[in-house]
Amino acid sequence: MKRKLAAACAVMIAVTVMGCSGKTPAASVDQNESGELVQEEEPEEEEPQDLTEEEEQELYNLYIGLNNDMVGRLSSSLSKYFEYVDFQEEFTLLDDGDYFCYSLESTLDDLDQADELVARKQEKTEVDEAYIALSPVIRELIQALNEVQAYTDEDSFLEDDYAKGKELHAVVWKSCNEYEPLGTDFVEKLSTVASAQRADDLEQLKAEGYEVTYSLVSMISTAQEIQTAIYEQGIEDDSMMLQLDIEALRPLYDQYKEEVQTVLGYLADEEALSNEGYPTQSAYYMTFGDAVENSEKELDEIFRKVEEQEEPGGYGMVNVFTVDGSIAGFNNKVSAMIDDYNRMISY
């Protein structure tokens, strides 16, 4: 039950296809007791084993993690890159000099695991198919961004007058444009499945008396509802934040603040946590609590800035441990909560 709960907490690469080489394997040859050469019968090939229930859940959780990286770290990396580089096919810096983005090395490790599992899965769902279509594109995009990060971190552009930067931009531009429709399709299909499963899990948690877990999952679900409501208002980033209709968000805002206080109360109750199997000795337990508190503070600051029509900051690096009152900051905290929760229950 506990491992399954990771799936309830999210809105939310190339697949290796093992094919035939075209050659017939040579049959093994041996001798019988009389010394005569005989050809042993080739053993029958075993049917490929489908995923176990645990592996199915692992693949689903990897999809959830990928979604979280897409709306979190990957989105932030692309936003940061295009703060400095003009959003067009030709490589053009908006300001002469330095530029950078964020790397996503850990995401590639998760993609490798998902590759192996989905390639073995015999009956694929719509989510699987959407993932397979997305995988080579998102891998290429992430690898290009990782190279950009290394290239800019070392100021290598000073040595080659941005020559490699132009090559990498061509890859980023191509894969970014391919990624958008494929990523949207994957997220929408996964979100439909995740929402249904989350509702089922919440009902099951309540019925089985998992009060702490029910509270944690409900809080994260509300945070994601707030994210969705902001997006549905057409507020795409912090440059549009002051257009936010906070009164339309007020019921979810009040609900979230109430749920956060309930969760913080449980996080201070080690006995209640231990009774439901939470590892209070885990580092993720501590960082999860920080992300919960800071998510509430981010939301408070967003509402205050919109009410006072105070322009958001300079769209700098968002950090899970600091609060600047931005939509990017709130999304960052929600992403951190989900990541830490999933890691905490897998500890």
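Excluded from the calculations below are hydrogen atoms, water molecules and symmetry mates; all remaining heavy atoms, backbone and side chain alike, are included. Along the sequence shown, the residues carry numbers beginning at 1.
Under the 4.5 Å side-chain contact rule for hydrophobic residues, M240 and I230 share a cluster.
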Take F87 and W173, measure what ring pair (Phe, Tyr, Trp, His ring centres under 6.0 Å) needs, and give me the verdict at the end.
CA-CA 8 Å; F87 190 75; W173 179 255; 4.9 Å; yes

Should E129 and E126 be marked as a side chain to side chain contact (heavy atoms under 4.5 Å, CB included) after you check the CA-CA gap, both sets of side-chain angles, and the distance that decides it?
CA-CA 5 Å; E129 297 294 351; E126 287 188 351; 5.7 Å; no

Trace of the side chain to side chain contact (heavy atoms under 4.5 Å, CB included) decision for V127 with Y60:
CA-CA 9 Å; V127 177; Y60 181 70; over 6 Å; no

Check the pair R73, D339 against salt bridge (Lys or Arg N to Asp or Glu O under 4.0 Å), reporting the backbone distance first and the verdict last.
CA-CA 12 Å; R73 185 76 173 178; D339 288 345; over 6 Å; no

Applying salt bridge (Lys or Arg N to Asp or Glu O under 4.0 Å), run through K164 and E167 and close with a yes or a no.
CA-CA 5 Å; K164 185 176 180 180; E167 294 176 5; over 6 Å; no

Under the criterion salt bridge (Lys or Arg N to Asp or Glu O under 4.0 Å), I'd like the reasoning laid out for E293 against K297: C-alpha separation, chi angles, the key distance, then a yes or no.
CA-CA 7 Å; E293 287 187 302; K297 293 175 182 176; 5.6 Å; no

Pair R250, E307 - check salt bridge (Lys or Arg N to Asp or Glu O under 4.0 Å), show working.
CA-CA 12 Å; R250 186 75 64 180; E307 286 174 342; 3.2 Å; yes

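When only modelled atom types and interatomic distance are considered, Q57 and E53 share no side-chain donor-acceptor pair under 3.5 Å. A donor-acceptor pair shorter than 3.5 Å can be found between the side chains of Y81 and H169. Between the side chains of E296 and Q261, at least one donor N or O lies within less than 3.5 Å of an accepting N or O. Under 3.5 Å, the side chains of T92 and Q88 contain a donor-acceptor pair of N or O atoms. E259 and Q255 are linked by a side-chain donor-acceptor pair at a separation below 3.5 angstrom, with hydrogens and angles left out of the test.
Remark: the backbone N or O of N146 is not paired with any side-chain donor or acceptor of S103 at under 3.5 angstrom. Using a distance-only test at 3.5 Å, with no hydrogens or angles considered, no donor-acceptor pair links the side chain of E270 to the main chain of T280. Between the side chain of E180 and the backbone N or O of N177 there is no donor-acceptor pair closer than 3.5 Å. A donor-acceptor pair under 3.5 Å is formed between the side chain of D245 and the backbone N or O of A248.
Residue E247 qualifies as enclosed at atom CD: its count of foreign heavy atoms under 6.0 Å is above 12. With a 6.0 Å radius and a threshold of 12 heavy atoms from other residues, nucleotides or ligands, K257 has its NZ atom above the threshold.
Ion pairing of R120 with D50 is absent here, as no side-chain N (NZ or NE/NH1/NH2) approaches a carboxylate O to less than 4.0 Å. Salt bridge present: D185 and K189 bring a charged side-chain N and a carboxylate O closer than 4.0 Å.
Between Q149 and C101 the shortest heavy-atom distance is CG-O, 3.3 Å. When every heavy atom of G325 is checked against every heavy atom of E301, the shortest pair comes out as CA-CB, 3.3 Å. The two atoms that bring V323 and E298 nearest to each other are CA-OE2, 3.4 Å, heavy atoms only.
Two residues are said to be in side-chain contact when any heavy atoms from C-beta on lie closer than 4.5 Å; L216 and V292 fail this criterion. Side-chain contact check for Y162 versus L93: some heavy-atom pair is nearer than 4.5 Å. No side-chain heavy atom of D95 sits under 4.5 Å from any side-chain heavy atom of Y84.
Aromatic ring pairs are classed by plane angle as parallel below 30°, tilted from 30° to 60° and perpendicular above 60°; the pair Y99 and F157 is tilted.
Under the 6.0 Å cut-off for aromatic ring centres, F186 and Y63 qualify, their centroids lying closer than that.
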